[in-house]
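Below is one structure; the comments refer to it alone.
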Amino acid sequence: MCKWFVSRVTDVLIAFALATLLLLYGAFSHPDIFPQRFFDYWTVAAPNAVPAATSQQVSAVMQVQR
């Protein structure tokens with residue numbers, strides 16, 4: 001009984017770890033799919049996603065001013 005329980009708990013932990021890695025991979029490779037609120041909670045993914053969005057906004061403002 002104890003071996004069965006340990007085996008099931010290990011399987012669940014592996015599944016959560018793989019899901020987390022898949023989520024982070026998606027956030028790094030496709031940041032436009034995820035809402036801004038996601039990057040507020042997951043600060044690991046924020047450096048790649050946030051500067052790209054702010055640089056696009058700044059360039060759009062510069063084009064309007066010209």
Side-chain angles (χ1 to χ4, degrees):
M1 177 76 177
C2 185
K3 284 177 84 175
W4 175 84
F5 181 75
V6 170
S7 176
R8 297 299 173 215
V9 169
T10 303
D11 290 344
V12 169
L13 290 176
I14 290 172
F16 277 118
L18 289 176
T20 303
L21 290 174
L22 185 63
L23 186 68
L24 286 176
Y25 173 75
F28 279 121
S29 61
H30 304 290
D32 52 329
I33 295 175
F34 293 88
Q36 183 60 37
R37 181 182 240 176
F38 173 83
F39 297 109
D40 293 340
Y41 292 111
W42 288 72
T43 57
V44 175
N48 287 343
V50 175
T54 56
S55 66
Q56 291 174 354
Q57 291 172 355
V58 170
S59 64
V61 170
M62 294 297 284
Q63 289 176 357
V64 171
Q65 289 178 350
R66 289 183 182 181

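One-based numbering along the sequence shown.
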Under the ring pair (Phe, Tyr, Trp, His ring centres under 6.0 Å) rule, collect the residues that match up with Tyr25, sequence neighbours excluded.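 Listed in chain order: nothing, the list is empty.
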
Where the side chain of Ser7 meets the backbone of Lys3, is there a donor-acceptor pair that is under 3.5 Å apart?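 Checking the backbone N and O of Lys3 against the side chain of Ser7, no donor-acceptor pair under 3.5 Å is found.
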
Count I, L, V, M, F, W, Y as connected when their side-chain heavy atoms are under 4.5 Å apart, and connections chain through other members. Are Trp4 and Val9 then in the same cluster?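 Yes, one cluster joins them.
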
Please determine whether residues Leu13 and Leu22 belong to a single hydrophobic cluster, defined as Ile, Leu, Val, Met, Phe, Trp and Tyr linked transitively by side-chain heavy-atom distances below 4.5 Å.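 Result: no, two separate clusters.
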
Enumerate the residue pairs fulfilling salt bridge (charged side-chain N to carboxylate O under 4.0 Å, His left out) with a member in residues 5-18, sequence neighbours excluded, ordered by first and then second residue.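 Every pair satisfying salt bridge (charged side-chain N to carboxylate O under 4.0 Å, His left out) with a residue in residues 5-18: Arg8-Asp11.
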
When rounded to the nearest 0.5 angstrom, what distance separates OG1 in Thr10 from CZ in Phe5?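 These two atoms lie 9.5 Å from each other.
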
